[in-house]
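Fair warning: this is a prediction, and the values are worked out from it, not measured in the lab.
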Amino acid sequence: MPSPIASFKDCIGKRWGSTMEQNLFVLLCITAAVASFFVVIPTNYLQHLPVYINVCVAAFGVFVLLLLCEASRGRYRTTALFFLFMVLLNVIWFPNGASDGSLPLYFFCLLMYLPIFFRGRARWLPLVLLTLDGIALMALELRFPEWVTPFQSEQDRIADNMVGFAVTTVCCGVMLWSLLRNYEKEQTRLVTVNEELQRAIVERAAVEGALLQNRELLNSVIDGTTDAIFVKDISGRYLLFNSAACRMTGKTQEQVLGRDDFDVFPPEVAGTVMAMDQEVLTGNRVQLGEREVGGAGGRFVVEVIKGPLHNKQGQVVGLFGIARDVTQSRRMAEELRLLNEELERRVAERTARLEVAMREQEAFSYSVSHDLRGPLRHINSYGSILLEEFGPDLVPEARGYLERIRTSSKRMGDLIDGLLELSRIGRSELNRGTVNLSELAFGIGCKLQDSEPSRRVDFLIQPGLHVEGDRLLLELMLENLVGNAWKYSSVRERARIELGSSLHEEGEAFFIKDNGVGFDMAYRDKLFGAFQRLHGAEFEGTGIGLATVKRIVERHGGSVWAQGVVDEGATVYFTLPRG
């Protein structure tokens with residue numbers, strides 16, 4: 001097979017020769033026609049040569065013009081021009097003075113014409129024919145001198161030779177000039193082409209080097225992977241078998257390459273494998289399968305992916321496969337299934353115990369709500385009766401003790417209510433919806449202001465604070481937060497309570513801010529615990545409110561924290577899903 005460089009050079013050579021010959025042929029036709037009509041015929045007329053010669057020359061000129069028209073249509077009759085010129089020389093040889101005239105000079109044009117327009121063996125036949133024709137004409141002239149029509153005078157002979165020499169010189173000069181001109185042009189182009197070819201060779205060498213490097217890298221990856229990779233031809237013979245496949249099957253590459261599955265696996269396994277191969281080849285699609293095979297390490301389960309290989313024309317020429325040992329993963333999946341079953345059983349048992357515990361808690365709550373409230377109501381009622389019926393007879397110290405008993409029983413009732421409310425929050429189901437915190441806070445503020453109309457409190461509520469959550473629980477949360485701000489800002493002549501939102505590290509957070517007594521940040525960890533109070537008896541409370549707030553916020557997936565400065569106010573921040 002010829003190299004790409006040689007083929008490229010042959011293509012350039014043919015293109016150059018064809019273009020040069022076509023241009024030169026057109027120039028020769030024009031030169032021959034002009035010389036025939038405007039040089040030879042007028043000269044022959046002035047020399048009083050026979051009319052027969054001018055008729056032949058005129059016919060030659062007409063035929064040359066016809067060849068020129070054919071060339072304009074892309075048909076170059078180079079052989080026809082050669083034989084037409086040779087025929088003209090033969091028919092006017094004897095009437096035009098034979099060898100004494102200018103006709104032998106025209107044979108030089110034909111001799112130069114041959115190596116330009118004829119190639120290989122086609123060049124030798126016209127050359128032999130031209131040589132034999134010249135010899136025959138000279139022999140006939142010597143044998144039959146009476147056939148020659150001599151010139152009328154020596155001046156006519158000299159003039160005819162001068163015209164012949166001039167025409168021959170012009171024709172030969174045209175051919176030589178065209179050859180040299182095209183040679184220089186094509187030489188310049190060949191230099192450029194050679195430079196481009198050198199660059200192409202360098203680029204091709206670089207590409208081949210990169211391809212070789214990529215092939216080595218791909219082979220390294222294929223041999224280095226733990227998955228078995230193989231390639232088969234259309235008849236099922238192995239073309240590629242990596243190291244992992246050798247380890248799985250216990251075979252070497254020499255034992256596998258060029259052979260089919262019956263040489264690698266037992267007959268029953270080989271039949272199954274080849275059946276799957278046929279499905280891939282006939283269906284022309286990727287397939288996934290799983291089977292158990294035996295190797296050097298025993299029997300194991302492999303997961304196989306097979307797909308067709310195509311050539312440039314899109315025809316299926318083979319298949320590829322990737323096999324992965326999934327024995328361990330299948331074993332782990334089975335163990336995981338057993339563990340899940342055990343876990344589900346334990347979850348069911350714990351759920352049953354939890355349901356029992358919740359029922360017991362509900363029974364306890366019912367007991368607290370009814371059994372404990374009864375004695376408290378009795379204590380409070382009997383204390384009120386003693387004060388009403390025997391108050392005037394009691395000493396002031398005894399009346400003070402009764403007041404303390406009533407206050408403590410009321411406080412204990414509030415504690416019981418708070419505990420029940422806290423327990424209910426943890427058990428109740430969330431009814432999520434879009435809640436407007438701004439409207440809830442405004443309503444709570446109006447209720448507080450109506451309960452104590454003498455207080456001067458400025459409520460600053462940012463409008464349009466919408467969140468996603470349970471409306472009842474969020475209302476309870478705001479009642480505790482706004483109630484705390486109302487309570488701890490009572491020491492101010494003009495209190496200020498603000499609801500708004502701001503950006504923090506955790507994202508957007510809402511806040512309730514007041515200008516009350518504040519708190520010491522050293523005790524902020526106790527702030528949201530049950531029964532944890534940072535202030536004394538000067539402020540009413542059970543220590544359950546902020547614990548309730550924390551549980552409500554956490555049930556909604558948010559978080560709550562507080563910042564405060566003693567005697568400057570406090571701010572409680574909380575996050576909730578935006579509505």
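- Using a cut-off of 4.0 Å between Lys/Arg side-chain N and Asp/Glu carboxylate O, Arg331 and Glu335 are scored as not salt-bridged.
- Under the 3.5 Å distance criterion, with hydrogens and angles disregarded, no donor-acceptor pair is assigned to the side chains of Ser102 and Asn161.
- Annotation: Phe83, atom CZ; neighbour count of heavy atoms from other residues, nucleotides and ligands within 6.0 Å is above 12.
- Within the structure, ring pair (Phe, Tyr, Trp, His ring centres under 6.0 Å) pairs that include any residue of residues 53-76 comprise Phe60-Phe85 (at least two apart or interchain).
- Judged purely by distance below 3.5 Å, without hydrogens or angles, the side chains of Ser559 and Glu554 never pair a donor atom with an acceptor atom.
- The neighbour count for Arg181 CZ, taken as heavy atoms of other residues, nucleotides or ligands under 6.0 Å away, does not exceed 12.
- Asn194 places no side-chain N or O within donor-acceptor distance of the main-chain N or O of Leu190, the cut-off being under 3.5 Å.
- Residues Phe82 and Phe118 place their aromatic rings such that the two centres sit under 6.0 Å apart.
- The pair Asp100-Arg157 does not count as a salt bridge, with every side-chain nitrogen at least 4.0 angstrom from each carboxylate oxygen.
- More than 12 non-hydrogen atoms from other residues, nucleotides or ligands lie less than 6.0 angstrom from CZ of Arg75.
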- Task: Check the pair Asp261, Lys232 against salt bridge (charged side-chain N to carboxylate O under 4.0 Å, His left out), reporting the backbone distance first and the verdict last.
- Result: CA-CA 10 Å; Asp261 291 294; Lys232 300 179 184 179; 2.6 Å; yes

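- When the options Phe511, Phe574, Phe510, Tyr573 are evaluated for a ring pair (Phe, Tyr, Trp, His ring centres under 6.0 Å) with His504, the one that passes is Tyr573.
- Taking a 6.0 Å sphere around CD of Gln213, one finds it holds 12 or fewer heavy atoms contributed by other residues, nucleotides or ligands.
- Residue Arg345 qualifies as enclosed at atom CZ: its count of foreign heavy atoms under 6.0 Å is above 12.
- Side-chain polar atoms of Tyr238 and Asp233 form no donor-acceptor pair below 3.5 angstrom.
- In this structure, the side chain of Gln255 engages the main chain of Thr252 through a donor-acceptor pair within 3.5 Å.
- Within 6.0 Å of CZ on Arg337 lie more than 12 heavy atoms contributed by other residues, nucleotides or ligands.
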